[in-house]
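Remember, it's a predicted structure, so these values are computed and weren't measured experimentally. Each chain gets a letter, A, B and so on, in the order its sequence line appears, and its residues count up from 1.
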Amino acid sequence: MSVWLMKTEPDEFSISDLAKRGQENWEGVRNFQARNFMLTMKVGDLVLIYHSSCKQVGIAGLAEVIAEAHPDLSSLDPDSSYFDAKSTPENPRWVQVTLGFKQAFDRVITLAELKAAPEMANSPLVKKGSRLSVMPIEESEWAFIQSLI
DNA sequence: GCCAACGTTGGC
DNA sequence: GCCAACGTTGGC
């Protein structure tokens, strides 16, 4: 089992939205590195849900992969803001995974405290200028994060 | 709203 | 294949 982190803007879709809906197709990822990580996700993998571009930036809860990578059809829809002309039905360029809700944390584990922790120093999450929206979480990092919940 | 840092595009 | 210009991300 692997652990991942995925970013979302809570104004668009938050951990409480996921709690309400139970599951969600994680569409709209348009970055190759992030996509390649999604391609390696397995059912049962855990996913930390990170809130970005908001008042309380940080890790807000936990989900699990309930369906592995499959074509992101929003890339084929001209009416979607996620439309990509270079994606075709024969060769869809982008994928989504389906996440199931597990837990909303009692508090947001803030970016500030993650930045301050030596345990997280190697994570792309705290690297200056990193905009990666899907990333793996190391076992040691996961252990540390669990200790904060 | 600002702006630094990044990824992508497209001309050459 | 280089690189300038552009659009986007995301913290503050």
Visitor: Nearest whole angstrom, please: distance from the P of C/dG7 to the OH of A/Y82.
Guide: 20 Å
Visitor: Taking 4.0 Å as the cut-off, does a side-chain nitrogen or oxygen of A/K86 come that near to OP1 or OP2 on B/dT8?
Guide: no
Visitor: Using side-chain heavy atoms (C-beta onward) and a distance below 4.5 Å, is A/R107 in contact with A/I109?
Guide: yes
Visitor: Is A/Y50 close enough to C/dT9 that one of its side-chain N or O atoms is under 4.0 Å from OP1 or OP2 there?
Guide: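 A/Y50 to C/dT9 OP1/OP2: no side-chain N or O under 4.0 Å.
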Visitor: Round to a whole Å and report the spacing from CG of A/L111 to C1' of C/dG10.
Guide: 10 Å
Visitor: Which is true for A/K127 with a 4.0 Å heavy-atom rule: it touches a base, it touches only sugar-phosphate, or it touches nothing?
Guide: nothing
Visitor: Just so I know, are the side chains of A/F37 and A/F32 near enough to count as touching, which here means a heavy-atom distance under 4.5 Å?
Guide: no
Visitor: Is there side-chain contact between A/F13 and A/L18, with heavy atoms separated by less than 4.5 Å?
Guide: yes
Visitor: Are A/I145 and A/E119 packed together at the side-chain level, in the sense that at least one heavy-atom pair is separated by less than 4.5 angstrom?
Guide: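 Not in contact.
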Visitor: Can you measure A/L114 atom CG to C/dC12 atom C1' for me and round it to whole angstrom units?
Guide: 17 Å
Visitor: Which of these nucleotides, C/dG11, B/dA5, B/dG7, is closest to any side-chain atom of A/V57?
Guide: C/dG11
Visitor: Report which part of the nucleic acid A/K115 touches: base, sugar-phosphate, or nothing (heavy-atom distance under 4.0 Å, all strands).
Guide: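 A/K115: backbone/sugar contact only, no base atoms under 4.0 Å.
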Visitor: Using atom NZ of A/K7 as one end and atom P of C/dT9 as the other, report the distance to the nearest whole Å.
Guide: 11 Å
Visitor: Between P on C/dT9 and CG on A/L132, what's the gap in Å once rounded to a whole number?
Guide: 13 Å
Visitor: Send over the distance from A/H51 NE2 to C/dC12 P, rounded to a whole Å.
Guide: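 Checked: the NE2 to P distance equals 17 Å.
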Visitor: Using a cut-off of strictly less than 4.0 Å, decide whether A/K128 has a side-chain nitrogen or oxygen near OP1 or OP2 of B/dA4.
Guide: no
Visitor: Round to the nearest Å and state the distance from A/E113 atom CD to C/dG11 atom C1'.
Guide: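 That distance rounds to 16 Å.
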Visitor: Using atom CZ of A/R131 as one end and atom P of C/dG10 as the other, report the distance to the nearest whole Å.
Guide: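 The answer, rounded to whole Å, is 7 Å.
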Visitor: At 4.0 Å (heavy atoms only), tell me whether A/S52 reaches a base, stays on the sugar-phosphate, or touches nothing.
Guide: sugar-phosphate
Visitor: So how far is it from A/L46 CG to A/L5 CG, rounded to the nearest 0.5 Å?
Guide: 12.0 Å
